[in-house]
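Every value quoted in this text rests on a predicted model; they were computed, and no experiment measured them. Position 1 is the first residue of the sequence, and the numbers go up from there. Worth knowing before you read on, the calculation uses all heavy atoms, side chains too, and leaves out hydrogens, waters and symmetry mates.
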Amino acid sequence: MNKNDVSNKIIGKDEAERLILDYERMDASMMGKLSYLRNAGTIAKVRIISFPKNGESRVSAIERQYKEYALMKPGNYTRFTFCIEYAMSHPLLMDDEQRLRNFCGSIIPDGSRLSVYTAVNESLEDKILLTIIASK
């Protein structure tokens, strides 16, 4: 691991396996899509839940919270998976999903591999959860 990397959480192989299984259980379309993590070098995970301030959209809250609190150094990684979760009671609108996809693409280094997935998580109620999984 790069000594200058101050990512929110560097995870080990056991946690990577749990992460893979959790997403595969949550959404059958995720089956096998995170299996690359089993052979990855350093893996970092950042979870950002939208907590909008007055008048702020859920997406703007995710962007603000990433800038204010996520200590990840994207330049230390070459592959990124972004998992966007929301509840069906407060669906993710197409414009919001596009803004989140654009945001995800904007924070990764040129030449990196990028995957973006969405999943339903009813426990989120009116929030959005963005999980960033970065690996080498």
Side-chain angles (χ1 to χ4, degrees):
M1 175 176 73
N2 181 330
K3 68 179 184 168
N4 296 319
D5 186 351
V6 290
S7 299
N8 289 32
K9 186 167 187 182
I10 303 297
I11 64 174
K13 295 296 180 185
D14 289 344
E15 187 170 349
E17 190 64 34
R18 281 191 303 274
L19 187 68
I20 294 165
L21 294 175
D22 285 347
Y23 275 105
E24 287 179 346
R25 269 186 239 129
M26 188 182 330
D27 185 347
S29 70
M30 292 291 292
M31 194 65 66
K33 292 186 177 166
L34 294 177
S35 60
Y36 72 89
L37 292 173
R38 291 183 175 108
N39 299 317
T42 303
I43 303 168
K45 178 180 80 173
V46 176
R47 293 171 40 99
I48 305 168
I49 298 176
S50 64
F51 287 104
K53 293 182 176 181
N54 272 348
E56 185 178 46
S57 73
R58 298 183 299 173
V59 174
S60 293
I62 292 282
E63 293 168 339
R64 174 184 48 78
Q65 289 173 267
Y66 175 82
K67 290 172 188 165
E68 290 178 0
Y69 303 113
L71 302 175
M72 174 176 277
K73 292 187 182 246
N76 291 343
Y77 304 96
T78 57
R79 188 166 185 172
F80 296 83
T81 299
F82 294 84
C83 300
I84 304 166
E85 298 174 46
Y86 61 93
M88 289 303 291
S89 59
H90 293 83
L92 186 64
L93 303 175
M94 287 177 61
D95 287 348
D96 290 340
E97 182 176 351
Q98 189 58 52
R99 276 187 60 202
L100 281 169
R101 286 176 177 270
N102 290 343
F103 169 72
C104 294
S106 75
I107 64 174
I108 67 169
D110 289 340
S112 297
R113 293 181 66 183
L114 168 66
S115 301
V116 180
Y117 301 102
T118 59
V120 173
N121 179 343
E122 292 301 337
S123 69
L124 290 171
E125 297 175 2
D126 65 341
K127 306 289 188 257
I128 294 174
L129 169 61
L130 175 65
T131 303
I132 304 169
I133 305 165
S135 62
K136 294 182 181 184

Point-to-point distance, once rounded to the nearest 0.5 Å, from [atom1] of [X] to [atom2] of [Y]:
X: L19; Y: C83; atom1: CG; atom2: SG; answer: 7.0 Å
X: H90; Y: R58; atom1: NE2; atom2: CZ; answer: 7.5 Å
X: S57; Y: I128; atom1: OG; atom2: CD1; answer: 7.5 Å
X: K33; Y: E24; atom1: NZ; atom2: CD; answer: 10.5 Å
X: I84; Y: I62; atom1: CD1; atom2: CD1; answer: 9.0 Å
X: Y86; Y: E122; atom1: OH; atom2: CD; answer: 9.5 Å

Same cluster for [X] and [Y] if Ile/Leu/Val/Met/Phe/Trp/Tyr side chains link at under 4.5 Å?
X: V59; Y: V46; result: yes
X: I11; Y: I132; result: no
X: L114; Y: I48; result: yes
X: I49; Y: M88; result: no
X: L34; Y: V116; result: no

**Q.** Polar side chain donor-acceptor pair, T81 to Y36, under 3.5 angstrom
**A.**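 There is such a pair between these side chains.
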Q. With a 3.5 Å cut-off and no angle check, do the side chains of R79 and S115 form a donor-acceptor pair?
A.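 No, no side-chain donor-acceptor pair sits under 3.5 Å.
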Return yes if some donor-acceptor pair links the side-chain N/O of [X] with the main-chain N/O of [Y] below 3.5 Å, else return no.
X: S50; Y: A61; result: no
X: E125; Y: A87; result: no
X: K9; Y: I43; result: no
X: E17; Y: R38; result: no

**Q.** Worked verdict on R99 versus S60 for side chain to side chain contact (heavy atoms under 4.5 Å, CB included)
**A.** CA-CA 9 Å; R99 276 187 60 202; S60 293; 3.0 Å; yes
Quick one: closest heavy-atom pair of [X] and [Y], and the distance?
X: G32; Y: S35; result: O-OG, 2.8 Å
X: P109; Y: P74; result: CG-O, 3.4 Å
X: K13; Y: L37; result: NZ-O, 3.6 Å

**Q.** Derivation of the side chain to side chain contact (heavy atoms under 4.5 Å, CB included) call for Y66 and I107
**A.** CA-CA 10 Å; Y66 175 82; I107 64 174; 3.7 Å; yes
(Q) Measuring only between side-chain heavy atoms, which start at C-beta, is Y77 closer than 4.5 Å to I108? (A)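 Result no, sub-4.5 Å side-chain heavy-atom pair not found.
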Q) Is any side-chain heavy atom of M94 less than 4.5 Å from a side-chain heavy atom of Q98? A)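 Side-chain contact under 4.5 Å: no.
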**Q.** From CA spacing to verdict: side chain to side chain contact (heavy atoms under 4.5 Å, CB included), T118, L100
**A.** CA-CA 11 Å; T118 59; L100 281 169; over 6 Å; no
Q) Which word best sums up how the rings of F80 and F82 line up, parallel for under 30°, tilted for 30 to 60°, or perpendicular for over 60°? A)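 Judged by the thresholds at 30° and 60°, the geometry between F80 and F82 is parallel.
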Q) Where do Y23 and Y117 land on the side chain to side chain contact (heavy atoms under 4.5 Å, CB included) test, with the steps shown first? A) CA-CA 10 Å; Y23 275 105; Y117 301 102; over 6 Å; no
Q: Kindly indicate, with the supporting measurements, whether the criterion salt bridge (Lys or Arg N to Asp or Glu O under 4.0 Å) is fulfilled by K67 and E63.
A: CA-CA 6 Å; K67 290 172 188 165; E63 293 168 339; 5.7 Å; no
